[in-house]
Amino acid sequence: MLRADLLRSEIATTFRRWRTLVLLAVLAGVPVLVGVAVRIQAGRHGGGGPAFLAGIAGNGLFLVFTALAVTLPVFLPMAVGVVAGDAIAGEAHTGTLRYLLVAPAGRTRLLCAKLVTVVAFCLAGTLVVALSALATGALLFPLGKVTLLSGTSISFGEGLLRALAIAGVVALSLLGVAALGLFVSTLTDSGVVAMATTVGLVLTAQILDGIPQLQAIQPYLFPHYWLSFADLLRDPVYMDGILRNLGLQALYAVVFGSAAWARFTTRDITA
């Protein structure tokens, strides 16, 4: 079983690093910039403009949905890629990995603790974006009933619950990146190389997902269903895309998590 003290130590160490704090600060700043930009734009055009701008200007809760849609394709996966890529390789580079393995936890438990820590960052990063967007939206725009994409209206309380559900789906959508980054991190002793490789793979997958000629392989790319969380803003909710997304993320987590375990448990630790 995963030792609680080991997990607490890994989470505390990760979230005390300046790099992690800076990443969270950047993620928190994105909704603020979007909110201020929409506020300025709405003021210039008297609340008109594109539909999504009018939606945010009419109800600050829409900033949560917009901020998650803006950060999911680039900012969130890049932040997760940095944390995941540095999880093992960073320790190897600084020479602390050998000391961690001296402890009786074992390699499998240490790897599990690293994976849980990265998943915790996925959740933390997503919640930071959502909470920052909610606070900014409440300060800059009115709050009230939410008009869904299907045209029906729900109460503000139900809108908050849907926003929480969307944040949960977005956090789970990053599991594939987390497992991929952890696997890459076991392949090198350089944290910088691991982080750059993971971020590069994320960007490459998104580029491939946008090329029409590659439609045959796109459903198997981990970013393909990322924006399916928008279906939670329909009445009734369309679950097909969401379930496909979660299933694909689980597949990536199992495949690359297993590959990371196979590599890490047989790796000769020399740094």
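Between the side chain of Asp235 and the backbone N or O of Thr152, no donor-acceptor pair lies under 3.5 Å. Checked by atom type and distance alone, the side chain of Arg39 never pairs as donor or acceptor with a backbone atom of Phe141 at under 3.5 Å. Side-chain atoms of Ser185 come within 3.5 Å of backbone atoms of Ala89 as a donor-acceptor pair (strictly under, hydrogens ignored). For Thr20 (side chain) and Thr14 (main-chain N/O), a donor-acceptor pair under 3.5 Å exists by modelled atom type. Remark: the backbone N or O of Ala167 is not paired with any side-chain donor or acceptor of Thr126 at under 3.5 angstrom. In this structure, Lys145 contributes its side chain and Ser155 its backbone to no donor-acceptor pair below 3.5 Å.
A ring pair (Phe, Tyr, Trp, His ring centres under 6.0 Å) check over residues 65-84, counting only residues at least two apart or in different chains, returns the pairs Phe62-Phe65. Residue pairs that meet the ring pair (Phe, Tyr, Trp, His ring centres under 6.0 Å) test with at least one member in residues 5-31, sequence neighbours left out, do not exist here. For the side chain to side chain donor-acceptor pair (under 3.5 Å) condition, no pair includes a residue of residues 192-204, sequence neighbours left out. Each ring pair (Phe, Tyr, Trp, His ring centres under 6.0 Å) pair with one or both residues in residues 144-179, not counting sequence neighbours, would appear here, but there are none. Applying the side chain to side chain donor-acceptor pair (under 3.5 Å) rule to pairs touching residues 69-88 yields Arg19-Asp86, sequence neighbours excluded. Applying the ring pair (Phe, Tyr, Trp, His ring centres under 6.0 Å) test to pairs two or more places apart or on separate chains, those with a residue in residues 172-209 are Phe183-Phe256.
The side-chain contact (heavy atoms from CB on, under 4.5 Å) search around Ala133 returns Pro31, Leu63, Val64, Ala67, not counting sequence neighbours. Judged as a side-chain hydrogen bond (donor to acceptor under 3.5 Å, both in side chains), and not counting sequence neighbours, Gln218 has no contacts. Every residue was checked against the side-chain hydrogen bond (donor to acceptor under 3.5 Å, both in side chains) condition with Gln206, not counting sequence neighbours, and none meets it. With sequence neighbours left out, Asp231 forms a salt bridge (Lys or Arg N to Asp or Glu O under 4.0 Å) with Arg234. Judged as a side-chain hydrogen bond (donor to acceptor under 3.5 Å, both in side chains), and not counting sequence neighbours, the contacts of Asn245 are Ser173, Gln249. The side-chain hydrogen bond (donor to acceptor under 3.5 Å, both in side chains) test applied to Thr186 returns no partner, not counting sequence neighbours.
In this structure, the side chains of Leu227 and Tyr225 stay at 4.5 Å or more apart for every pair of heavy atoms. Side chains of Leu201 and Leu180 form a contact here, defined as non-hydrogen atoms less than 4.5 Å apart. Contact of the Val170 side chain with the Val129 side chain is not registered, since no non-hydrogen atoms from C-beta on lie closer than 4.5 Å. Taking 4.5 Å as the limit, every side-chain heavy atom of Leu111 sits out of range of all side-chain heavy atoms of Thr108. In this structure the side chain of Leu7 reaches within 4.5 angstrom of the side chain of Thr117, judged on heavy atoms.
Ala179 and Gly257 make their closest contact through CB-N, 4.1 Å (heavy atoms, listed as atom of the first residue, atom of the second, distance). Here the shortest heavy-atom pairing between Phe222 and Trp226 reads O-NE1, 3.3 Å. Scanning both residues, Pro212 and Gly210, for their nearest heavy atoms gives CD-O, 3.4 Å. The heavy-atom pair separating Leu232 from Arg162 by the smallest distance is O-NH1, 2.8 Å. Taking all atoms of both residues into account, the shortest heavy-atom contact from Leu72 to Pro77 is O-CD, 2.8 Å. Considering every non-hydrogen atom in both Gly159 and Val146, the closest pair reads CA-CG2, 4.2 Å.
Leu21 and Leu131 end up in different hydrophobic clusters when Ile, Leu, Val, Met, Phe, Trp and Tyr side chains are linked at under 4.5 Å. Hydrophobic clustering, with ILVMFWY side chains joined whenever heavy atoms are under 4.5 angstrom apart, keeps Leu139 apart from Ile40. Linking Ile, Leu, Val, Met, Phe, Trp and Tyr whenever their side-chain heavy atoms come within less than 4.5 Å leaves Leu27 and Val22 in two separate clusters.
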Run the side chain to side chain contact (heavy atoms under 4.5 Å, CB included) check on Val74 and Met78 step by step: do they pass?
CA-CA 6 Å; Val74 179; Met78 288 182 65; 3.4 Å; yes
